[in-house]
Amino acid sequence: MRIIELFRKEREYLEKSVLVRGWVRTKRESKAGISFIEVNDGSCLRNLQIIAEHRGSGYQEVLEKLTTGCSIGVEGKVVASPGKGQSIELHAAKIEVYGWADPATYPLQKKRHSFEFLRQIAHLRARTNTMGAVTRVRNRLSYAIHQFFQERGFHYIQTPIITASDCEGAGDIFRVTTLDPTRISSAESEAIYQQDFFGRPTYLTVSGQLQAEIYALSLGQVYTFGPTFRAENSNTSRHLAEFWMVEPEAAFCDLQDNLQLAESFIKAIIGACLDESAEDIDFFTRFVQPALRANLEHIVNSSFETITYTQAIDLLKKSTENFTFPVEWGNDLQAEHERYLTEKVFRKPVSIIDFPRAIKPFYMRVNDDHKTVAAMDVLMPGIGEIIGGSQREERLEVLLEQMRLKGISTEDYRWYVELREFGTAPHSGFGLGFERLVQFTTGLGNIREAIPFPRTPGHADF
RNA sequence: UCCCCGGUAGCUCAAUCGGCAGAGCGGGUGGCUGUUAACCACUAGGUUGGCGGUUCGAGUCCGUCCCGGGGAGCCA
């Protein structure tokens, strides 16, 4: 029996006998002959209070040794609690200990630990209230993502993790090789790749977008939800070397449709958490970020703002804010600029569209002014850019010109070009950083708490 | 990679001007109580991140390296 089930149907289980299994969070002794044991089984935030009488139980020895971290199974009767803080409790008839946890060496205490410390014990931090709550929210968001797309006829596809494309993004990428590193350094540069597993240089993917386009131009609407890798040496609270990305891609869909999709998407999945992870959201609101619940409700209830890059530049130029970086048409927006727009000017999510052609990738559709492309960045208060997307360039000639201008090899991307030669169609899509969404939804300050086992420069433990 | 801050008991932190290294929690022992971050008493626990320097004397000042955090860039 899972504890959440018990709490959900309290009346139904009252005076009934049940078996609950989980981990001891804390134990309070009463020498009058009672032990109070709080058990958590991960099904929900709340602990179940176990009442264990010493008298005649034969468990006095067990109860004395029971400490935080032990795993136990308790059989007993569900009764109404006379104490404050819980409506029901479990009156133990039988207690089985599956595993002990030496209190002298078990690292988790009943008190608050720093996140830095908990990261060092990622195998045990999952047993804390915070990480348990993050994990359940992350799970609920994942489920909501699939629900959202499935309900709208999008097909879930899997794009490759190992790729030979190395110029999709500007960032550094991870090499994938079976070669002995000592041989690589001593070898002739080009010839060595022919001896490698794939017979050519290969990397971990930085995006499944280009492959998703293939399936959008055949199944109509698809989405990916998988791991993505960036070898960028960035040490911030918003970056991971290995993270999960959601990338919908839809045919016969222009930038306006794309914006609409992004807005409905974010509202739907955050709304699902507000409704169905209410207890965990309330926990974060109480202990992590007091304004969290109000912020999330605001996101769900507000309509997102959409402005063009040119309008954004105007707003920034008019502002009295002291920016470190100059505001000039043609420069990319800096974090401080994005924060100002979404947190101070509009105080809600803002989509910025139609960026200068020169600062965006080759695949984005060139607008009629020939100076901008149909790009969109969705900015969220508190974390900045959460979604980046665009309408893709579907016109063969324009795409070839873009590739020429950006120095992209038409040989290497022959297949991508052929999608425009054979039955091309307008299409759009975007990418959403999943951990940033988890971060936003939980209010946690560091993205390293948004994923069970964070990979960052110098850290690949567990 | 750059800038800033930090590293003291198992954990969270304090230590005045450079002058005997401390508290709370956790652990152990005992007491008390339908308890709720339980409470009370006692107790054990330290190469102050490493190396070098200044000084009668360094947790504290200087140099250097390592590690961590925050911010920036890059991005999702």
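These values consider heavy atoms only, across backbone and side chains, with no hydrogens, waters or symmetry-generated copies. In the text below, chain A, chain B and the rest are named by the order of the sequence lines, each starting its count at 1.
For residues 432-439 of chain A, proximity to RNA chain B is found at A:Gly433, A:Arg436, defined as any non-hydrogen atom under 4.0 angstrom from a strand atom. RNA chain B lies under 4.0 Å from at least one heavy atom of each of the following residues of residues 74-89 of chain A: A:Ser81, A:Pro82, A:Gly83, A:Lys84, A:Gln86, A:Glu89. Within residues 257-270 of chain A, no residue has a heavy atom under 4.0 Å from RNA chain B.
For the pair A:Glu385 CD and B:rG73 C1', the interatomic distance rounds to 14 Å; values are reported in whole Å. Summarising the geometry, the separation between CE on A:Met380 and C1' on B:rC75 is reported as 17 Å, rounded to the nearest angstrom. Across the protein-nucleic acid pair, A:Phe229 atom CZ and B:rA76 atom P stand 16 Å apart, rounded to whole Å. The interatomic distance linking A:Asn129 (CG) with B:rU36 (P) rounds to 18 Å, in whole Å. The separation between A:Ile50 atom CD1 and B:rG34 atom C1' is 15 Å, rounded to whole Å. Between A:Gln209 atom CD and B:rA76 atom P there is a gap of 10 Å when expressed in whole angstrom units. Atom CZ of A:Arg25 is separated from atom P of B:rA37 by 14 Å (rounded to the nearest Å). Atom pair A:Ile121:CD1 and B:rC11:C1' shows a separation of 10 Å (rounding to whole Å applied).
For the P atoms, the distance linking B:rC56 with B:rC17 amounts to 22 Å, nearest Å. Rounded to a whole angstrom, the distance from the C1' atom of B:rU55 to that of B:rG63 is 16 Å. A gap of 34 Å separates the P atoms of B:rA15 and B:rG73, to the nearest Å. Using atom P as the reference point in both B:rA58 and B:rG52, the two lie 14 Å apart (nearest Å). Comparing B:rA23 with B:rA41, their P atoms are spaced 13 Å from each other, to the whole Å. Spacing of P atoms, B:rG53 relative to B:rC67, comes out at 24 Å, to the nearest Å. Here, B:rG7 and B:rU12 have their P atoms 12 Å apart, quoted to the whole Å. B:rU1 and B:rA37: their C1' atoms are spaced 43 Å apart (whole Å).
Rounded to the nearest 0.5 Å, atoms CG (A:Asp354) and CG (A:Asn367) are 4.5 Å apart. Here the OG1 atom belonging to A:Thr224 is positioned 12.0 Å from the CZ atom belonging to A:Phe154, to the nearest 0.5 angstrom. Note: A:Gln260 CD to A:Asn258 CG = 10.5 Å, rounded to the nearest 0.5 Å.
Side-chain contact between A:Arg25 and A:Val39 is absent, with no heavy-atom pair separated by less than 4.5 Å. Side-chain contact between A:Asn331 and A:Glu328 is present, with at least one heavy-atom pair separated by less than 4.5 Å. Residues A:Phe346 and A:Phe304 fail the side-chain proximity criterion, which asks for heavy atoms closer than 4.5 Å.
Under 4.0 Å is where a charged nitrogen must lie from a carboxylate oxygen, and between A:Glu5 and A:Lys9 at least one such pair does.
Within the nucleic acid shown, A:Ile386 comes within 4.0 Å of sugar-phosphate atoms alone, with no base atom in reach, counting heavy atoms only. Counting non-hydrogen atoms under 4.0 angstrom, A:His239 reaches a base of the nucleic acid. Within 4.0 Å of A:Ile51, counting heavy atoms only, lies at least one base atom of the nucleic acid. Note on A:Phe117: only backbone sugar-phosphate atoms sit closer than 4.0 angstrom, heavy atoms only; bases stay farther off.
Cation-pi contact between A:Arg11 and A:Tyr13: absent, since separation from the ring centre below 6.0 Å together with deviation from the ring axis within 45° is not met. Cation-pi geometry between A:Lys360 and A:Phe355 is met: the NZ or CZ atom falls under 6.0 Å from the ring centre, inside 45° of the normal. With A:Phe243 as the aromatic partner, A:Arg230 does not meet the cation-pi criteria of under 6.0 angstrom to the ring centre and within 45 degrees of the ring axis.
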- Message: Base contacts versus sugar-phosphate-only contacts with protein, heavy atoms under 4.0 Å: please encode nucleotides 66-72 of chain B as B, S and - from 5' to 3'.
- Response: --SSSBB
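Counting only residues at least two apart or in different chains, salt bridge (Lys or Arg N to Asp or Glu O under 4.0 Å) contacts with residues 430-451 of chain A comprise A:Arg119-A:Glu449, A:Arg125-A:Glu449, A:Arg138-A:Glu435.
With RNA chain B read from its 5' end, the first of the two nearest nucleotides for A:Lys27 and A:Leu108 is the one closest to A:Leu108. Position along RNA chain B of the nearest nucleotide to A:Trp244 versus A:Ala104 favours A:Ala104 as the more 5'-ward residue.
For the side-chain contact (heavy atoms from CB on, under 4.5 Å) test with A:Pro227, the passing option among A:Leu204, A:Ile161, A:Thr205 is A:Ile161; the others fail. The only option from A:Tyr143, A:Tyr223, A:Tyr156 that meets the ring pair (Phe, Tyr, Trp, His ring centres under 6.0 Å) definition with A:Phe149 turns out to be A:Tyr223.
Aromatic pair A:His337/A:Phe325: ring centres not closer than 6.0 Å. Here the two rings, on A:Phe434 and A:Phe225, have centers that are under 6.0 Å apart. Ring pair A:Phe174/A:Tyr203: centre-to-centre distance not below 6.0 Å. Note: A:Tyr215 and A:His155 fail the aromatic proximity criterion, with ring centroids not under 6.0 Å apart.
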- For the pair A:Ser81 and A:Gln49, evaluate side-chain hydrogen bond (donor to acceptor under 3.5 Å, both in side chains) and give the outcome as yes or no after the intermediate values. CA-CA 9 Å; A:Ser81 176; A:Gln49 176 163 279; 4.5 Å; no
- Run the numbers on A:Ser35 and A:Glu29 for side-chain hydrogen bond (donor to acceptor under 3.5 Å, both in side chains), then give the verdict. CA-CA 5 Å; A:Ser35 290; A:Glu29 287 288 359; 2.8 Å; yes
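Where RNA chain B pairs in unbroken runs of 3 or more (Watson-Crick or G-U, both distances under 3.5 Å), the stems are B:1-7 with B:66-72, B:10-13 with B:22-25, B:27-31 with B:39-43, B:49-53 with B:61-65.
Out of B:rG27, B:rU36, B:rA76, the shortest distance to the side chain of A:Glu38 is found at B:rU36. With B:rA38, B:rG27, B:rA76 as the candidates, the nucleotide lying closest to the side chain of A:Arg28 is B:rA38.
Applying the 3.5 Å distance criterion, the base of B:rU35 shares a donor-acceptor pair with the side chain of A:Gln49.
Put simply, A:Ser114 has no side-chain N or O that comes within less than 4.0 Å of OP1 or OP2 on B:rC13.
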